[in-house]
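Only one structure is covered here, and it is reproduced in the block below.
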2 protein chains.
Amino acid sequence: MVQLDDLDRAILRILKEDARLTISEIAERLNRPESTIHFRIKKLQEKGIIDRYTIVLGKDLQPKALAVVYIQAETPIIEDFLERYILHIMKTLSLLPNVLAVARSGRDGVIALIGEESQEKLNRFVDETIKVLPTLKRVEVLPITDITKGNGIVGFLVDV
Amino acid sequence: MVQLDDLDRAILRILKEDARLTISEIAERLNRPESTIHFRIKKLQEKGIIDRYTIVLGKDLQPKALAVVYIQAETPIIEDFLERYILHIMKTLSLLPNVLAVARSGRDGVIALIGEESQEKLNRFVDETIKVLPTLKRVEVLPITDITKGNGIVGFLVDV
DNA sequence: TATGAAAGACATCATGT
DNA sequence: ACATGATGTCTTTCATA
């Protein structure tokens with residue numbers, strides 16, 4: 001379906017590290033003419049291999065305390081209620097700026113990545129906004145102490 | 001510590017959406033002169049508010065099955081062993097291309113975001129690579145069915 | 001698809017309001 | 001903070017292989 005050669009991959013790797021490098025700089029690093037690099041990048045964009053260009057924000061704007069929160073809803077008698085309830089929770093959380101990411105997990109679960117200025121605020125948020133939700137079976141808070149791979153994820157997600 | 005005004009925030013929001021817009025395009029959208037936009041962006045970069053520029057890869061290169069895995073180690077008699085064991089697990093996972101992110105959670109926990117081509121492969125990975133680790137107290141697999149906020153996270157993290 | 005050359009668009013910087 | 005203009009660099013296009 002997608003066929004990338006070594007040159008494509010090399011370009012993608014470079015752009016992932018620094019998407020502001022000029023075509024001539026990339027061309028120089030890869031020992032290819034500028035027009036070739038330009039052509040490849042254009043194709044990668046057209047095919048949607050490169051979805052978009054973005055910025056990663058620095059530490060200053062990032063929350064200092066992070067946690068993954070797993071929310072599991074009580075299974076109700078009426079199946080259809082669960083579905084709507086889960087969607088409601090997800091929509092609600094998605095609107096909050098300190099909720100960096102929201103995902104569904106199975107039929108009855110929601111995973112959220114929460115960011116706050118301090119551990120206290122984070123705990124308070126979990127207590128006052130999540131644990132108060134009705135008919136939950138389980139709320140698991142997994143604090144994030146430090147990120148070893150996929151750092152930059154916070155600067156990528158954080159709202160401004 | 002960091003003081004951003006509305007213009008700074010507007011610029012950051014625009015760049016987050018499309019970091020390849022030219023300064024003149026941004027200037028036009030915000031009804032400001034190009035020189036001002038240029039100056040602001042330069043400052044934002046110098047201050048590290050903008051950490052870096054990058055690309056988000058499209059669906060084609062993204063894993064189809066995702067899961068958050070929480071790994072908790074058994075608390076040993078010797079405290080120092082736990083520390084080194086956790087670091088070892090994190091380093092090991094970080095090297096694998098299908099492990100998109102690795103974070104530490106408290107003294108005895110590791111959180112990993114796993115991506116695979118299929119649900120079966122993902123299960124196999126958990127069984128054969130994670131559950132075989134010795135002296136674990138708990139392994140919790142939270143499959144991700146679908147992402148409602150922070151989509152793009154996968155295209156941001158995925159290796160090429 | 002790859003390349004080289006040429007044209008146009010752009011970022012950058014200095015200077016002044 | 002904004003305006004203007006000068007400069008060099010980069011992107012983009014196109015003709016050709």
Side-chain angles (χ1 to χ4, degrees), chain A residues 1-62 97 152 155-160, chain B residues 1-62 97 152 155-160:
Chain A
M1 191 172 159
V2 218
Q3 210 63 299
L4 299 182
D5 63 12
D6 289 345
L7 180 56
D8 289 322
R9 264 184 284 271
I11 292 171
L12 292 176
R13 255 181 264 117
I14 289 175
L15 287 178
K16 243 173 162 300
E17 272 186 16
D18 184 356
R20 265 194 52 144
L21 288 176
T22 63
I23 289 180
S24 43
E25 279 168 325
I26 301 172
E28 202 172 330
R29 290 194 195 188
L30 300 176
N31 290 312
R32 300 291 169 99
E34 301 179 11
S35 48
T36 300
I37 304 298
H38 179 260
F39 180 77
R40 292 298 189 110
I41 292 179
K42 201 176 152 208
K43 285 295 171 198
L44 290 169
Q45 287 170 166
E46 285 169 359
K47 287 190 222 158
I49 308 284
I50 296 176
D51 180 50
R52 61 196 188 90
Y53 293 76
T54 190
I55 54 174
V56 179
L57 300 180
K59 289 285 176 198
D60 288 339
L61 264 52
Q62 293 179 24
F156 171 77
L157 290 174
V158 67
D159 281 329
V160 48
Chain B
M1 191 171 159
V2 217
Q3 209 62 299
L4 299 182
D5 64 12
D6 289 345
L7 181 56
D8 288 322
R9 264 185 285 272
I11 292 171
L12 292 176
R13 255 180 264 119
I14 288 175
L15 288 177
K16 244 173 162 300
E17 273 187 14
D18 184 357
R20 267 195 50 147
L21 289 175
T22 63
I23 288 180
S24 43
E25 280 167 324
I26 300 172
E28 201 173 331
R29 289 196 196 188
L30 299 176
N31 289 312
R32 299 292 169 100
E34 300 180 12
S35 51
T36 301
I37 304 298
H38 178 259
F39 179 76
R40 292 297 189 110
I41 292 179
K42 201 178 155 205
K43 285 295 170 196
L44 289 168
Q45 287 172 167
E46 284 170 0
K47 287 189 224 157
I49 307 284
I50 296 175
D51 180 49
R52 62 197 188 90
Y53 293 76
T54 190
I55 55 174
V56 179
L57 299 180
K59 290 285 176 197
D60 287 340
L61 263 53
Q62 294 178 24
F156 171 77
L157 290 172
V158 67
D159 280 330
V160 49

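Per chain, numbering begins at 1; letters A, B, ... match sequence-line order.
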Result for 5'-nearest mapping on DNA chain C, choosing between A:E34 and B:L21, is A:E34
Separation of C:dA5 atom P from A:H38 atom NE2, nearest Å, is 18 Å
Of the listed D:dT11, C:dC10, C:dT1, the closest approach to the A:I23 side chain comes from D:dT11
Atom CD1 of B:I11 and atom P of D:dA1 are separated, to the nearest Å, by 10 Å
| said: Quick check: do B:D60 and A:K47 have side-chain heavy atoms less than 4.5 Å from each other? | reply: no
Under a 4.5 Å cut-off applied to non-hydrogen side-chain atoms, are A:T22 and A:E34 in contact? no
*Using a strict cut-off of less than 4.0 Å between a Lys/Arg side-chain nitrogen and an Asp/Glu carboxylate oxygen, indicate whether A:D18 and B:R52 qualify as a salt bridge.*
no
A:S35 has its side chain closest, among C:dT1, C:dA5, C:dT12, to C:dA5
A:I37 CD1 to C:dG4 C1', in whole Å, measures 14 Å
In whole angstroms, the gap separating P of D:dC10 from CD1 of A:I26 amounts to 12 Å
Per atom distances to the A:P33 side chain, the nearest of C:dT3, C:dA2, D:dC10 is C:dT3
Side-chain contact check for B:R32: nearest option of D:dC2, D:dT13, C:dA11 is D:dC2
Below the 4.0 Å mark, does D:dA1 have OP1 or OP2 next to a side-chain nitrogen or oxygen of B:T36? no
Out of C:dA2, D:dT12, D:dA1, minimum distance to the side chain of B:R40 belongs to D:dA1
